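To keep things clear, I will list the structure first and then write my remarks on it.
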Number of protein chains: 2
Amino acid sequence: MFGVLQNVSKNSYIIEQDKYIKWLALVISGKVRVWQEKEDRQILLYYVCPVQTCVLSLSAIFRDCKSIVNAKTEEETTIIKIPVRHAAEWSFKYNSWNKFTLNSFIFSYEDLLHSYKNLAFNKIDKRLLEYIRSISKKNNSRYIKLSHSQLAKEIGTTREVVSKILKQFELIGLVNLRFMQIEVL
Amino acid sequence: MFGVLQNVSKNSYIIEQDKYIKWLALVISGKVRVWQEKEDRQILLYYVCPVQTCVLSLSAIFRDCKSIVNAKTEEETTIIKIPVRHAAEWSFKYNSWNKFTLNSFIFSYEDLLHSYKNLAFNKIDKRLLEYIRSISKKNNSRYIKLSHSQLAKEIGTTREVVSKILKQFELIGLVNLRFMQIEVL
DNA sequence: TAGTACCTGTACCTTTTGTTACAAGTAGTA
DNA sequence: TACTACTTGTAACAAAAGGTACAGGTACTA
């Protein structure tokens, strides 16, 4: 038996910055947020949803390393914990596992590359608009139930900036604002 | 015979944004710059040096895709061109090739992650200082022979901003400036 | 030597983003 | 109800970054 099934309650850390990664987590149900932070700022990297794994814990398979990100459950989450040394063997034993690993890297790399370009060249208002639209699309709902400060932590800025920009968006008819709710028009 | 050895002259495009990647390039000698751009701004992703491959052309191995980056030789460069479908087979045939591929992804992903965090949280002056110091270290020389506009294109800003910041650095004794030369103190 | 292309410095201004500070609203609960 | 924690709005200000414009320098070469 190599993997251990485990239930993790909401808001628990799966990975913490500067700590060693000892096992690989596969998310079976729930949702895990992965981000970077510095002082009181944060920036989202991605969410790990069923059935995916965090590409960064994958990288730990191949050499011991400290995590450079944080990962925390956003809901009650079920994961399979696999000690990294087992997962490393699998890559050479099982073609399908190898394929899964490679695909995870490819997808994640391209995703991060898009984020990088976005961050380098687009102003905050554009990044915010794209973000709320992507949320709306992903959830298949016009209504986004996030606070301004939560949004600020996703895109790497401050609450006041998000509030100001959202207000501008409302004035030009892009959104409607309510308490803890943004309606994307 | 799968690979083709090829000499590429200085300043030739290896990969262009929005074009399909048909082959994988292994750099045998020379140097290739990989970057993203938008209008007249650019931001460096990495350099490909012997004996490495561009992680992004690796990703093309596994599914047809348009490039989201540019790659151009900075010196006379020798590459081996491998049609992507051959390279794809190798991953399942040869353990050592598989290992090489995975290592490329891991290294590149972590590298990009550092850049992303740097871009998200650090001001331009700090990023510039880190960049020129890394160049100095890499070249094992105090003297950096790059113009201000070249530096601007590496870190994603404009020439005027670089000139101003370098002048400040000179005033506080961090560097000495000459025509086409920065001495790191 | 003149011409060209590129490099550097800098003053001035604008836009973008962040900070501080405060007022007021919402929701849950003891 | 009163208390708490969190959310939202916004004015005024400050700092960071970018853009315009121009003067002058350097290097190469025709």
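Please read these numbers as outputs of a predicted model, since none were measured by experiment. Labels below follow one simple rule: chain letters A, B, ... track the order of the sequence lines, proteins then strands, and each chain is numbered from 1.
Rounded to whole Å, the distance from CD on A:Glu39 to P on C:dG18 is 14 Å. One atom, CD1 of B:Ile165, and another, P of C:dT8, lie 15 Å apart when rounded to the nearest Å. When rounded to the nearest whole Å, the span between CD of B:Gln168 and P of D:dA15 equals 14 Å. When the P atom of D:dA17 is taken as reference, atom CZ of B:Arg41 falls 11 Å away, rounded to whole Å. To the nearest angstrom, P of C:dG9 lies 12 Å from CG of B:Asn176. The nearest whole Å value for the distance from the NZ atom in A:Lys153 to the C1' atom in C:dG18 is 16 Å. In this entry the distance linking NZ of B:Lys164 with C1' of D:dT20 reads 11 Å, nearest Å.
Below 30°, between 30° and 60°, or above 60°: for B:Phe100 and B:Trp97 the angle between ring planes is between 30° and 60°, a tilted geometry. Using bins of under 30°, 30° to 60° and over 60° for the plane-to-plane angle, the ring pair A:Tyr109/B:Phe105 lands in the perpendicular bin.
Annotation: cation-pi pair B:Lys138/B:Tyr47 present, NZ/CZ under 6.0 Å from the ring centroid and within 45° of its normal.
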- Does the salt bridge (charged side-chain N to carboxylate O under 4.0 Å, His left out) test come out yes or no for B:Glu170 and B:Lys167, once each step is laid out? CA-CA 5 Å; B:Glu170 191 175 44; B:Lys167 208 62 195 171; 2.8 Å; yes

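Without hydrogens or angle criteria, B:Asn98 side chain to B:Tyr94 main chain gives no donor-acceptor distance under 3.5 Å. With B:Ser136 contributing its side chain and B:Ser141 its backbone, the two residues share a donor-acceptor pair below 3.5 Å. Between the side chain of B:Thr77 and the backbone N or O of B:Lys31, at least one donor-acceptor pair lies under 3.5 Å. Without hydrogens or angle criteria, A:Thr73 side chain to A:Asn11 main chain gives a donor-acceptor distance under 3.5 Å. Between the side chain of B:Arg41 and the backbone N or O of A:Phe121 there is no donor-acceptor pair closer than 3.5 Å.
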Would you tabulate the nitrogen or oxygen pairs shorter than 3.5 Å linking the protein to nucleotides 5-9 of chain D?
residue	atom	partner	partner atom	Å
D:dT8	OP1	A:Met180	N	2.9
D:dT8	OP2	A:His148	N	2.7
D:dG9	OP1	A:Lys167	NZ	3.2
D:dG9	N7	A:Arg159	NH1	2.9
D:dG9	O6	A:Arg159	NH2	3.0

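Phosphate contact (OP1/OP2 of D:dG18, side-chain N/O of B:Thr157, threshold under 4.0 Å): present.
For DNA chain C, the residues of residues 113-132 of chain A within the heavy-atom distance limit of 4.0 Å (strictly under) are A:Lys123, A:Ile124, sorted by number.
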